[in-house]
Amino acid sequence: MTKVLVLHSVSLVRSALAALLRSEGGFDVTSAGWRSAARRAESLRPDVTVVDLDCPGACATLGLQGGRARPLAAPAAPLLVLAASGAPGALRRGVQAEAEGYVDKDGSPSRLVRAVRKVAAGERFVDPSLASALLEADPVPLSPRELSVLARAAEGDSVAEIARALHLASGTVRNYMAAVIRKTGARNRIDAIRISRSAGWV
């Protein structure tokens, strides 16, 4: 049996993904939200971890907000990323996390099943539509630190909370947010979050 861990912020979605994989046979599937992700990964030791990097909380869980990927458990299971072709940011985050598989969320369920099997066998899987989107994507104008501050802000953290989480002074966080607003051409912090989400950067 191939052990699969499905991570998603929405309970209904992760349950549906888990049910789909179980229906195919040969998969021992566990699903979890972000709060219990590390604990489940540590106890399960999955062969493949399926992650939707568009979900709020995904980057913090995988340690991608500071520019470095931290595995959920050691040894880390290969990551299979769910993403949309119109959101290149999730694909970039997948590359940063050294994902082995990339599945288009607009594709057929059978592609997810095939991708899990290939990644579990030690092979790579990339949907052609996602490969094209990644190659055609515009470069991100924000630095890794600016992205980490913006990602926290997008999740509703205050300046003080961002400063504590990233070990920065509050004034430094404000400076990063000002730079983000300027670089994105936004009117304010909320507009910068909207623009960045639309572009798939956070």
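The first residue in the sequence is number 1, and the count goes up from there.
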Original post:
At what distance, to the nearest 0.5 angstrom, does CD1 of I162 lie from OG of S170?
Top reply: 9.5 Å
Original post:
Which atoms form the tightest heavy-atom contact between A77 and T49, and what is the distance?
Top reply: CB-OG1, 3.6 Å
Original post:
Closest approach of T2 and A120, non-hydrogen atoms and distance?
Top reply: CG2-CB, 3.6 Å
**OP:** Given side-chain contact (heavy atoms from CB on, under 4.5 Å), test L168 with R145 step by step and report yes or no.
**Re:** CA-CA 11 Å; L168 299 170; R145 182 55 87 182; 4.2 Å; yes
Original post:
Could you state the interatomic distance from CD (E123) to CZ (R117), rounded to the nearest 0.5 Å?
Top reply: 13.0 Å
Original post:
side-chain contact (heavy atoms from CB on, under 4.5 Å) between L79 and E100: does it pass, once the steps are laid out?
Top reply: CA-CA 6 Å; L79 284 179; E100 296 295 323; over 6 Å; no
**OP:** Give the minimum heavy-atom separation between V180 and L142, together with the two atoms involved.
**Re:** CA-CD2, 4.1 Å
**OP:** Please indicate whether R124 has more than 12 foreign heavy atoms, meaning atoms of other residues, nucleotides or ligands, lying under 6.0 Å from its CZ.
**Re:** yes
Original post:
Rounded to the nearest 0.5 Å, how far apart are OG of S9 and CZ of R35?
Top reply: 12.0 Å
Original post:
Is there a donor-acceptor pair under 3.5 Å between the side chain of R152 and the backbone N or O of E161?
Top reply: no
Original post:
Could you state the interatomic distance from OG1 (T172) to CE (M177), rounded to the nearest 0.5 Å?
Top reply: 14.0 Å
Original post:
Does L166 belong to the same Ile/Leu/Val/Met/Phe/Trp/Tyr cluster as I181, with side-chain heavy atoms less than 4.5 Å apart forming each link?
Top reply: no
**OP:** Examine V10 and V103 and state if one hydrophobic cluster contains both, with Ile, Leu, Val, Met, Phe, Trp and Tyr joined whenever side-chain heavy atoms are less than 4.5 Å apart.
**Re:** yes
Could you give the side-chain donor-acceptor pairs of residues 14-30 under 3.5 Å, partners two or more places apart or in another chain?
from, atom 1, to, atom 2, distance (Å)
R14, NH1, H8, O, 2.8
S15, OG, S11, O, 2.9
R22, NH2, V29, O, 2.9
S23, OG, L20, O, 2.6

Subject >> Partner residues of K105 under the side-chain hydrogen bond (donor to acceptor under 3.5 Å, both in side chains) criterion, sequence neighbours left out >> reply: D52, D54
Subject >> Steps toward side-chain contact (heavy atoms from CB on, under 4.5 Å) verdict (D47, V4) >> reply: CA-CA 6 Å; D47 300 305; V4 183; over 6 Å; no
Original post:
Rounded to the nearest 0.5 Å, how far does OH of Y176 lie from CG of L147?
Top reply: 11.5 Å
Original post:
Is it true that K183 and E146 make a salt bridge, defined as a side-chain N closer than 4.0 Å to a carboxylate O?
Top reply: yes
Subject >> Lys/Arg N to Asp/Glu carboxylate O, R111 vs D104, below 4.0 Å >> reply: no
**OP:** Measure the shortest side-chain to side-chain distance between V173 and N175 over non-hydrogen atoms and say whether it is less than 4.5 angstrom.
**Re:** no
Subject >> For the student: nearest non-hydrogen atoms of P46 and A41, plus distance >> reply: CD-O, 3.6 Å
Original post:
Donor-acceptor pair, N188 side chain versus D191 backbone, under 3.5 Å?
Top reply: yes
Original post:
Which pair of heavy atoms, one from I195 and one from T184, lies closest together, and at what distance?
Top reply: CD1-O, 3.7 Å
Original post:
Residues two or more places apart in sequence or in another chain: which of them pass side-chain hydrogen bond (donor to acceptor under 3.5 Å, both in side chains) with R114?
Top reply: none
Subject >> Within one Ile-Leu-Val-Met-Phe-Trp-Tyr cluster: V13 and L82, side-chain cutoff 4.5 Å >> reply: yes
**OP:** Looking only at non-hydrogen atoms, find the nearest pair between L130 and A83 and report the distance.
**Re:** CD2-O, 3.9 Å
**OP:** Could you tell me the separation between the OH atom of Y102 and the CG atom of D127, rounded to the nearest 0.5 Å?
**Re:** 12.0 Å
